[in-house]
2 protein chains.
Amino acid sequence: MSGATPGDAPATHGVPATIEQVAAMLRARGERMTGPRRAVLKVLAERDEHLSAEAVLSRVAAHDPGVHRASVYRTLEALSELGVVQHVHVTHGGTAYHLVRDERRHLHAQCRSCGAVYDLPADLLDDVEADLAHRHGFHLEAGHVALSGRCRSCFEQLSS
Amino acid sequence: MSGATPGDAPATHGVPATIEQVAAMLRARGERMTGPRRAVLKVLAERDEHLSAEAVLSRVAAHDPGVHRASVYRTLEALSELGVVQHVHVTHGGTAYHLVRDERRHLHAQCRSCGAVYDLPADLLDDVEADLAHRHGFHLEAGHVALSGRCRSCFEQLSS
DNA sequence: CTGCTTGCAAAGTGTTTGCAGGCCC
DNA sequence: GGGCCTGCAAACACTTTGCAAGCAG
């Protein structure tokens with residue numbers, strides 16, 4: 001028995017619910033759980049938002065100013081490779097990160113005008129994905145970049 | 001009568017076929033046709049490729065080393081606003097540019113692994129576009145960012 | 001103690017901007 | 001010859017990297 005909170009599954013794979021589960025996943029690959037990594041996970045878990053690396057940094061820094069920018073970038077990359085974090089490329093300011101949650105799988109759309117990022121149903125592009133795979137051999141990963149366009153209010157503003 | 005090549009339409013709007021037509025479109029807005037702009041248009045017309053700003057610069061520089069990087073960026077932006085050039089955001093190295101051609105309207109997909117950009121049928125996302133507009137008020141501009149995924153060969157390489 | 005991770009600082013990439021002079025129309 | 005455009009250089013935002021020390025397991 002480990003020191004995991006009662007009710008936790010061992011979870012050395014799949015979508016983890018606690019920091020200790022992520023720690024186990026890291027150790028299973030010969031990697032380690034550290035202060036900065038814990039801090040980044042906490043920030044991502046606190047809010048269900050799409051945070052830029054810089055936004056993660058400043059929230060981490062609020063509680064622990066010692067954590068360096070480079071460590072945040074390296075942590076986000078490590079957690080992405082683990083499959084615990086997903087990153088989405090957006091056009092405005094780089095890359096957005098969030099925890100992977102089974103219940104919350106979704107796609108992204110970004111407004112070209114105001115930069116806001118919206119969540120879309122996960123299955124929106126399923127048909128297109130199948131079509132691309134069969135007809136072109138291209139394996140779409142639809143969640144990896146935000147679709148671009150105009151949100152309702154920006155669109156109306158353009159017409160007026 | 002302007003000095004346009006015989007057979008040219010006046011074209012102060014729509015998709016132009018010659019540099020003089022673009023010049024007319026610029027003048028109609030109080031802007032000007034210049035050496036650097038001509039050079040950029042020539043480079044884009046020579047190849048039906050997706051060129052990065054830096055690639056445009058180096059091809060322009062091959063014939064006219066005096067043209068500055070900043071002018072290429074400003075020209076590409078000016079021509080985009082005119083509607084003569086389209087830009088597509090790709091994840092690897094920034095932004096890709098190409099001339100707008102009615103016959104060649106298309107979407108883009110980029111391989112996450114090798115970075116190659118593929119053209120896709122223009123109507124691929126028409127249904128999704130209509131759906132998003134009606135149900136979410138989001139007006140998709142599907143050609144503005146490249147869809148992401150893995151091309152056939154990179155996908156097969158991952159599985160092996 | 002082994003070696004994965006960190007903090008630091010510097011470099012890197014792609015792009016933008018302020019300014020004085022130059023050239024289009 | 002008015003003012004849009006240019007070349008120049010510096011700044012910009014975001015991200016990556018080499019290195020020696022630090023800490024997890």
Side-chain angles (χ1 to χ4, degrees), chain A residues 2-3 12 19-20 22-41 50-58 60-61 64-82 85 87-97 115 146, chain B residues 2-3 12 19-20 22-41 50-58 60-61 64-82 85 87-97 110 115 145-146:
Chain A
S2 70
T12 51
I19 289 191
E20 278 318 306
V22 177
M25 292 168 71
L26 285 166
R27 284 182 211 114
R29 306 176 100 202
E31 298 172 18
R32 295 166 189 179
M33 177 56 76
T34 65
R37 290 181 175 186
R38 252 181 263 274
V40 166
L41 282 167
H50 303 94
L51 296 174
S52 68
E54 221 60 33
V56 173
L57 172 63
S58 70
V60 165
D64 185 347
V67 175
H68 194 268
R69 160 179 282 96
S71 298
V72 170
Y73 279 95
R74 287 188 278 226
T75 293
L76 289 169
E77 204 211 319
L79 295 177
S80 293
E81 267 170 30
L82 251 200
V85 161
H87 65 270
V88 186
H89 296 282
V90 293
T91 304
H92 250 176
T95 309
Y97 299 85
Chain B
S2 69
T12 51
I19 288 190
E20 278 317 307
V22 177
M25 293 168 71
L26 285 167
R27 284 182 210 115
R29 306 177 100 201
E31 299 173 16
R32 296 168 188 177
M33 177 56 76
T34 64
R37 291 180 174 188
R38 251 182 262 275
V40 166
L41 282 167
H50 302 94
L51 296 174
S52 69
E54 221 59 34
V56 173
L57 171 63
S58 70
V60 165
D64 184 347
V67 176
H68 194 269
R69 160 181 281 95
S71 298
V72 170
Y73 278 95
R74 286 189 278 227
T75 293
L76 289 169
E77 204 212 319
L79 295 177
S80 293
E81 266 170 31
L82 252 199
V85 161
H87 64 269
V88 186
H89 296 282
V90 292
T91 303
H92 250 171
T95 308
Y97 298 85
Q110 185 185 33
V145 296

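Quick note on labels: first sequence line is chain A, next is B, and so on, each numbered from 1.
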Discussion item. Just to be sure I understand the rule, does B:Thr95 reach a base, reach only the sugar-phosphate, or reach nothing, if contact means heavy atoms closer than 4.0 Å?
Written reply: sugar-phosphate

Discussion item. So, taking the atom named CG in A:Leu26 and the one named CD1 in A:Ile19, what distance separates them when rounded to the nearest 0.5 Å?
Written reply: 11.0 Å

Response to the item:
Residues at least two apart in sequence or cross-chain that pass side chain to side chain donor-acceptor pair (under 3.5 Å) with B:Glu81, listed by chain then number, are none

Discussion item. Within the 4.0 Å heavy-atom criterion, would you say B:Gly66 contacts the bases, only the backbone, or no part of the nucleic acid?
Written reply: sugar-phosphate

Fill in: Residues in salt bridge (Lys or Arg N to Asp or Glu O under 4.0 Å) contact with A:Arg32, at least two apart in sequence or another chain
none

Response to the item:
So, with a heavy-atom separation below 4.0 Å from DNA chain C, the residues of residues 71-78 of chain B are B:Tyr73, B:Arg74

Response to the item:
Assign each of B:Arg69 and B:Arg27 the nucleotide of DNA chain C bearing its closest heavy atom; nearer the 5' end lies the nucleotide of B:Arg69

Practice prompt. Measure the spacing between CG of A:Leu79 and CZ of A:Arg74 and express it to the nearest 0.5 Å.
Written response: 13.5 Å

Discussion item. To the closest 0.5 Å, what do you measure between CG (A:Leu41) and CG (A:Leu76)?
Written reply: 9.0 Å

Fill in: Separation of A:Glu20 CD from A:Arg38 CZ (nearest 0.5 Å)
6.0 Å

Worksheet entry | Difference in axis direction between the ends of the helix from C:dC1-D:dG25 to C:dC25-D:dG1, five pairs, 10° | 40°

Discussion item. Please give me the minimum heavy-atom distance between A:Val72 and A:Ala53, naming the atom from each residue.
Written reply: CG1-O, 3.9 Å

Fill in: Any B:Glu54 side-chain heavy atom under 4.5 Å of B:Arg69 side chain
yes

Worksheet, complete the sentence: Its 5'-most and 3'-most nucleotides having an atom under 4.0 Å from a non-hydrogen atom of chain B, DNA chain D is contacted over D:dG2 to D:dA9

Worksheet entry | First and last nucleotide of DNA chain C, 5' to 3', lying under 4.0 Å from heavy atoms of chain B | C:dG14 to C:dC25

Discussion item. Return the NE2 to OG1 distance between A:His89 and B:Thr91, rounded to the nearest 0.5 Å.
Written reply: 4.5 Å

Practice prompt. Find the distance between CG (B:Leu82) and OG1 (B:Thr75) and round it off to the nearest 0.5 Å.
Written response: 11.0 Å

Worksheet item: For B:Ala70 and B:Arg37, take the nucleotide of DNA chain D holding the closest heavy atom to each; which residue's nucleotide lies nearer the 5' end?
Response: B:Arg37

